[in-house]
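Below: one structure, written as structure tokens.
This one's a predicted model, so the numbers in the text were calculated from it and none came from an experiment. Order of appearance sets the numbers: ligands from 1, and atoms from 1 within every ligand.
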Amino acid sequence: MATSSAPGKVYLFGEHAVVYGEPAVLCAIERRARVTAEARDDDRLRVQANDLTLDGFTVTWGGDADDRPDVDVPTPLVEAAMGYIDGAVEQARDAADAPAAGFDVTVESEIPLGAGLGSSAAVVVACIDAATRELGVDLDAETVADRAYRVEHEVQDGEASRADTFCSAAGGAVHVQGDDCRRLDDTPNLPFVVGYDGGAGDTGELVAGVRSLREEFDFAADTVEAIGDVVRRGERALGDGDVEAVGRLMDFDHGLLSALGVSSRSLDTMVWAAREAGALGAKLTGAGGGGCIVALDRTEQTHTALQYTPGCEEAFRAELDADGVRAER
Ligand code: PMV
């Protein structure tokens with residue numbers, strides 16, 4: 001039996017624009033998905049999942065395509081979750097040259113599903129790591145990131161960037177631009193506060209919406225490029241340890257994302273609650289449409305304000321997690 005964990009993440013800057021080759025900066029946060037893989041003596045896969053936003057479910061499948069689960073949670077969510085785990089196990093089988101390996105997989109996650117905190121990437125990264133180790137193979141973080149990207153790319157019909165999977169595998173703050181993925185060292189302490197509206201956006205739909213705006217209007221294409229400029233500035237501010245400037249640039253980024261139509265009333269409400277509470281900056285994180293915002297505040301004010309903001313279901317402080325994927329046992 002092998003257990004691995006991998007962190008969720010926030011986008012400090014650059015979601016959506018990263019899809020068009022602009023840079024993005026992401027930070028791993030200390031909320032993790034833990035996956036245990038135990039080899040079976042047949043080629044089947046049994047998955048047990050418990051997390052914040054799905055009631056626990058257990059499914060066993062393998063072999064034929066009609067072998068679908070009978071569980072009491074929304075089918076699209078279960079199928080999406082199973083697609084990720086199926087893909088991760090396939091990658092582990094390939095990496096260990098064990099095409100018929102079967103597993104009992106248990107997923108425990110502290111990361112809300114589909115809310116812009118990289119839950120699927122963390123599950124895929126941890127699952128590949130645990131399942132390959134269970135088969136006696138140790139992969140480095142970069143290889144795990146690459147294999148996890150292939151899974152996301154397939155499950156999300158080619159719309160995924162390398163951002164989430166690299167950040168979850170590598171940990172810390174990372175720069176991602178196309179295939180150029182690297183860790184940013186010497187980043188200052190970033191006092192993250194996350195607000196969660198309890199919902200989730202449809203990443204595919206939101207990415208498609210930005211794509212068609214870009215095709216229709218030159219100024220939408222310019223907006224995407226402007227996000228790239230904000231990211232470059234933000235990365236410099238981060239390197240200078242200028243947390244105030246990072247916050248101002250997060251505000252700017254949120255405005256540009258709103259212009260591209262990917263914010264929502266609840267995300268805007270939480271962003272403004274954070275700003276009025278004195279946050280250094282606040283923005284949505286991830287695809288948008290619902291889910292989470294991230295703010296910077298060294299004091300308790302934003303955390304407290306979000307707890308009393310209508311539409312904010314959960315607010316928490318989050319530390320930057322320097323660790324990426326790691327073995328738990
Ligand atoms: O919602 P998330 O965490 O999956 O982030 C999506 C980020 C996008 O830039 C919109 C898409 C992508 O794959 O980079």
Quiz prompt | Smallest separation among heavy atoms of Val325 and Ala126, with atom names | solution = CG2-CA, 4.5 Å

Quiz item: Are side-chain N/O atoms of Thr143 and Asp140 paired as donor and acceptor at under 3.5 Å?
Solution: yes

Self-check item: Nearest-neighbour protein heavy atom for atom 9 (O) of ligand 1, which is reported as residue plus atom name and distance
Solution: His16 N, 2.9 Å

Practice problem: Any atoms of ligand 1 less than 4.0 Å from a non-hydrogen atom of Gly116? List them with their elements. | Solution: 1 (O), 3 (O)

Exercise. For atom 13 (O) of ligand 1, find the nearest protein heavy atom and state the residue, atom name and distance (0.1 Å precision).
Key: Ser161 N, 2.9 Å

Quiz item: Quick one: do Arg214 and Glu216 make a salt bridge, cutoff under 4.0 Å?
Solution: no

Exercise. Give the contacting part of Asp164 toward ligand 1: side chain, backbone, both or neither, where contact means a heavy-atom distance below 4.0 Å.
Key: side chain

Quiz item: What protein heavy atom sits nearest atom 11 (C) of ligand 1, and how far away is it?
Solution: Val19 CG2, 3.9 Å

Quiz item: Any ion pair linking Arg31 and Glu314 (charged N to carboxylate O, less than 4.0 Å)?
Solution: yes

Self-check item: atom 7 (C) of ligand 1 - nearest protein heavy atom and its distance
Solution: Tyr11 OH, 3.6 Å

Self-check item: atom 3 (O) of ligand 1 - nearest protein heavy atom and its distance
Solution: Lys9 NZ, 2.7 Å

Quiz item: Salt bridge or not for Asp146 and Arg150, using N-O below 4.0 Å?
Solution: yes

Self-check item: Qualifying residue for side chain to side chain contact (heavy atoms under 4.5 Å, CB included) with Phe103, from Val35, Leu45, Val47
Solution: Leu45

Quiz prompt | Pair Leu26-Glu15, side chain to side chain contact (heavy atoms under 4.5 Å, CB included): steps then yes or no | solution = CA-CA 9 Å; Leu26 298 89; Glu15 50 273 87; over 6 Å; no

Quiz item: Looking only at non-hydrogen atoms, which of Ala287, Gly201, Gly204 approaches atom 2 (P) of ligand 1 most closely?
Solution: Ala287

Quiz item: Is ligand 1 less than 4.0 angstrom away from at least one heavy atom of Glu152?
Solution: no

Exercise. Please state whether Ala163 comes within less than 4.0 angstrom of ligand 1, counting heavy atoms only.
Key: no

Exercise. Provide the number and element of each atom of ligand 1 under 4.0 Å from a heavy atom of Glu15.
Key: 9 (O)

Quiz item: Going only through I, L, V, M, F, W and Y residues with side-chain contacts under 4.5 Å, is there a path from Leu257 to Trp272?
Solution: no

Practice problem: For Val18, take its heavy atoms, then give the atoms of ligand 1 lying under 4.0 Å from any of them. | Solution: 9 (O), 14 (O)

